[in-house]
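Reckoned from all heavy atoms, side chains included, excluding hydrogens, waters and symmetry mates.
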Amino acid sequence: MNEVQGPTPTGTSRPYRSLAEALRAHRIDPVNHEFIGAIVDAVGVTSFIDRGRYIEALRRGDRASLHIGRTYTNGFAEDETVVVGSTPLRLQPSEGRAPYFYVTHPSEYAPSVPARAAKRSSTPRTPSVPREKAPKPVTERDYGVCDVCFMVKTPSGGCGCD
């Protein structure tokens, strides 16, 4: 789990009407919406409450509530088997919520390559005509002429006779 568990900030506890509303409010990646929905259906959630850093999903019966964060869902018992689709989820021991287990959301396993980069062709790009930089024009400055030897003075004001 990447997010730190902690006390609920005061004044943020409010119920949500639906899971979709809760996920939008917490700006959870849309890639995870279907996965989280399947978990919620599998374990029997009755209501959703805003808890600041996570969504608390209250379950039927005496099971612990789930904490739905941006990258994880936490609150499963060790002996609990949650099946999404036809695959049982791989539960990992929770670091911040001691006796419970969590599952990582699919967005954490997505490739790190942006979608735009994946659409590019595999042909390497070659420059059509190599560009040459135009040389900077050298501007000559007049530093004056020495009154004694009539040589051009250096930028520091000296000449050959000094």
Side-chain angles (χ1 to χ4, degrees), residues 1-40 48-57 65-76 82 84-85 87 89-162:
M1 281 184 358
N2 298 334
E3 284 112 18
V4 178
Q5 295 288 325
T8 303
T10 58
T12 60
S13 299
R14 68 179 186 89
Y16 289 113
R17 288 183 287 230
S18 67
L19 175 62
E21 179 186 354
L23 296 176
R24 273 193 310 273
H26 279 263
R27 296 182 180 155
I28 292 178
D29 191 345
V31 171
N32 299 327
H33 288 202
E34 185 177 338
F35 178 76
I36 295 169
I39 291 173
V40 166
F48 304 97
I49 301 172
D50 179 11
R51 295 292 187 198
R53 289 182 296 261
Y54 60 89
I55 302 164
E56 183 175 12
S65 62
L66 297 180
H67 292 186
I68 303 170
R70 288 181 184 254
T71 60
Y72 67 91
T73 299
N74 189 353
F76 301 104
V82 181
V84 172
T87 308
L89 297 181
R90 204 170 12 156
L91 301 176
Q92 300 171 3
S94 177
E95 298 155 3
R97 217 171 155 207
Y100 298 111
F101 287 72
Y102 75 97
V103 65
T104 305
H105 294 165
S107 65
E108 295 301 295
Y109 300 113
S112 61
V113 176
R116 289 181 58 180
K119 292 181 183 177
R120 290 185 181 166
S121 117
S122 61
T123 310
R125 296 175 75 186
T126 58
S128 57
V129 177
R131 291 186 178 179
E132 292 183 23
K133 291 185 178 180
K136 281 188 172 181
V138 177
T139 56
E140 293 192 27
R141 295 186 179 173
D142 184 18
Y143 298 111
V145 178
C146 178
D147 294 333
V148 178
C149 67
F150 301 105
M151 292 187 67
V152 177
K153 291 183 179 179
T154 62
S156 63
C159 67
C161 68
D162 287 340

Minimum heavy-atom distance G37-L19, with the two atoms named:
CA-CD2, 3.6 Å
Close side-chain approach of P93 and F101, heavy atoms under 4.5 Å:
yes
Give, for atom NE2 of H67 and atom OH of Y102, the distance between the pair rounded to the nearest 0.5 Å.
15.5 Å
I28 side, atom CD1; I55 side, atom CD1 - distance, nearest 0.5 Å:
4.0 Å
Gap separating the NZ atom of K153 from the CG atom of D147, nearest 0.5 angstrom:
6.0 Å
For the side chain to side chain contact (heavy atoms under 4.5 Å, CB included) test, which of L66, I39, V84 pairs with V103?
I39
Give, for atom CD of E34 and atom CG of L23, the distance between the pair rounded to the nearest 0.5 Å.
12.0 Å
Note: F48 and S18 closest approach over all heavy atoms is CD1-C, 4.0 Å
Donor + acceptor pair across side chains of E56, S65 (<3.5 Å)
yes
So, H105 side chain and Y72 main chain: donor-acceptor pair closer than 3.5 Å or not?
yes
Hits for side chain to side chain donor-acceptor pair (under 3.5 Å) against S156, two or more places apart or cross-chain, chain-then-number order -> T154
Holding to side chain to side chain donor-acceptor pair (under 3.5 Å), I want the full list of residues that pass it with H26, two or more places apart in sequence or in another chain.
Y16, D50
Can you tell me how far apart CD1 (I36) and CD1 (I68) are? Round to the nearest 0.5 Å.
6.0 Å
Answer yes or no: is there a donor N or O on one side and an acceptor on the other, between the side chain of R70 and the main chain of R27, under 3.5 Å?
yes
Check whether any side-chain heavy atom of Y54 lies under 4.5 Å from a side-chain heavy atom of N74, and answer yes or no.
no
Inter-residue atom distance F76.CZ - L89.CG, 0.5 Å rounding
6.5 Å
